[in-house]
**Q** 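I'd like to ask you about the structure that follows.
As the structure is a computational prediction, the values presented were derived from the model and not from experiment.
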There are 2 protein chains.
Amino acid sequence: MQKTELEINQASQLLKLLGDKTRLTIISILKQRECCVCELLEVFDMSQPSISQHLRKLKDLGLVKEERRGQWIYYSLNATSELFSLLDDILNHLPEQTEKIKQIEKSNPTLRCGC
Amino acid sequence: MQKTELEINQASQLLKLLGDKTRLTIISILKQRECCVCELLEVFDMSQPSISQHLRKLKDLGLVKEERRGQWIYYSLNATSELFSLLDDILNHLPEQTEKIKQIEKSNPTLRCGC
DNA sequence: TAAGTATATAACTAACTACTTATATATTCA
DNA sequence: TGAATATATAAGTAGTTAGTTATATACTTA
């Protein structure tokens, strides 16, 4: 991947957003798997509006994109962002979120009946 | 350099500190050149205590180290920090602080007489 | 169309943060 | 030793932030 050179301003905005543990974890999860809000809700001890607000901030800076699919809105990393190269370098220092993803897939909140 | 894997907690602390424009600039300068407070003071429109407090936070997390030399205390990056590998990856996305370093060297605050 | 589910937005608040000014401490040097 | 310089610490404050609860909007399905 190409290493982009950023202005201090842009970079510090990115770093400030990632400086929150919840958002950093969300982003790490989204690196491995797109998720909707109700899935993320399974792995954070936090209200739904709180998760939505974090996602909003990440979206406002262009780090994530959203796609509505039925009643769910799926969030994923926006690889076309100018900030993506730096973001990816950072994420490569972090552990895989395998436990949290298992937790999501076990609880399977987007499946409403067992039929 | 070895890529270290960090806990989300540690990483988010680092990113939060770097999420401030002043601190990110200080760190970028220190990557190129050790500096004392009075030198940094030349390039920020900010009080001396403010600079000292930023340096304190960076030191508390182990990102910079200090060395007293006479009446000056020189700050530099702490390459032995567990966080250094991530820090360095981040700094590699940022522009060189050549202008600010010129400014420091031109004003030359640690030289008190011309003799 | 009505009820249920998913998500977003609004309004509020407690805690935190980045500054400021005032002052203390440490060093140098005449 | 006393004045000047460099830095740190303390205390106060305005602005920001991350959460909350309440409510609105959007979609699905019976």
**Q** From OH of A/Y74 over to P of D/dC27, roughly how many Å is that when rounded to an integer?
**A** 15 Å

**Q** Kindly say if B/R68 contacts the phosphate of C/dT27, meaning a side-chain N or O under 4.0 Å from OP1 or OP2.
**A**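 Yes, such a contact exists.
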
**Q** For A/E39 and C/dA6, give me the distance from atom CD to atom P, rounded to whole Å.
**A** 11 Å

**Q** Write down the distance between CD1 (B/I73) and C1' (D/dT5), rounded to a whole number of angstrom.
**A** 12 Å

**Q** Distance check needed: D/dG19 P versus A/I51 CD1, whole Å only.
**A** 8 Å

**Q** Provide, to the nearest angstrom, the distance between the CD atom belonging to A/Q71 and the P atom belonging to C/dA6.
**A** 6 Å

**Q** Whole-Å distance between C/dT25 P and B/W72 CH2?
**A** 23 Å

**Q** Does A/Y75 put a side-chain nitrogen or oxygen below 4.0 Å from OP1 or OP2 of C/dA8?
**A**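 Answer is yes, contact under 4.0 Å.
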
**Q** Just how far, in rounded Å, is P of C/dT9 from CG of A/L55?
**A** 11 Å

**Q** Along nucleotides 10-20 of chain C, 5' to 3', which nucleotides get a B, which get an S, and which get a -, given that the test is a protein heavy-atom distance under 4.0 Å?
**A** B------SSBB

**Q** State which residue, out of A/K59, A/E34, A/R56, fulfils the side chain to side chain contact (heavy atoms under 4.5 Å, CB included) condition with A/E66.
**A** A/K59

**Q** Just so I know, are the side chains of B/R33 and B/I104 near enough to count as touching, which here means a heavy-atom distance under 4.5 Å?
**A**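 Yes - at least one pair of side-chain heavy atoms lies under 4.5 Å apart.
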
**Q** Going by heavy atoms in the side chains, are B/S28 and B/L91 under 4.5 Å from each other?
**A**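 The answer is yes, as the side chains (C-beta and beyond) meet within the 4.5 Å cut-off.
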
**Q** Kindly indicate whether the side chain of B/N108, heavy atoms from C-beta on, has any atom under 4.5 Å from the side chain of B/T110.
**A**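 They are in side-chain contact.
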
**Q** In whole Å, I'd like the distance from the CD atom of A/E67 to the C1' atom of D/dC27.
**A**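 Spelled out: CD on A/E67 to C1' on D/dC27 is 15 Å.
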
**Q** I need the minimum non-hydrogen distance between A/K65 and A/N78, along with the two atoms involved.
**A** N-CB, 4.2 Å

**Q** Count the heavy atoms of every other residue, nucleotide or ligand shown that sit under 6.0 Å from CD of B/E96, and state whether that count exceeds 12.
**A**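 No, CD of B/E96 has 12 or fewer neighbouring heavy atoms, counting only those of other groups under 6.0 Å.
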
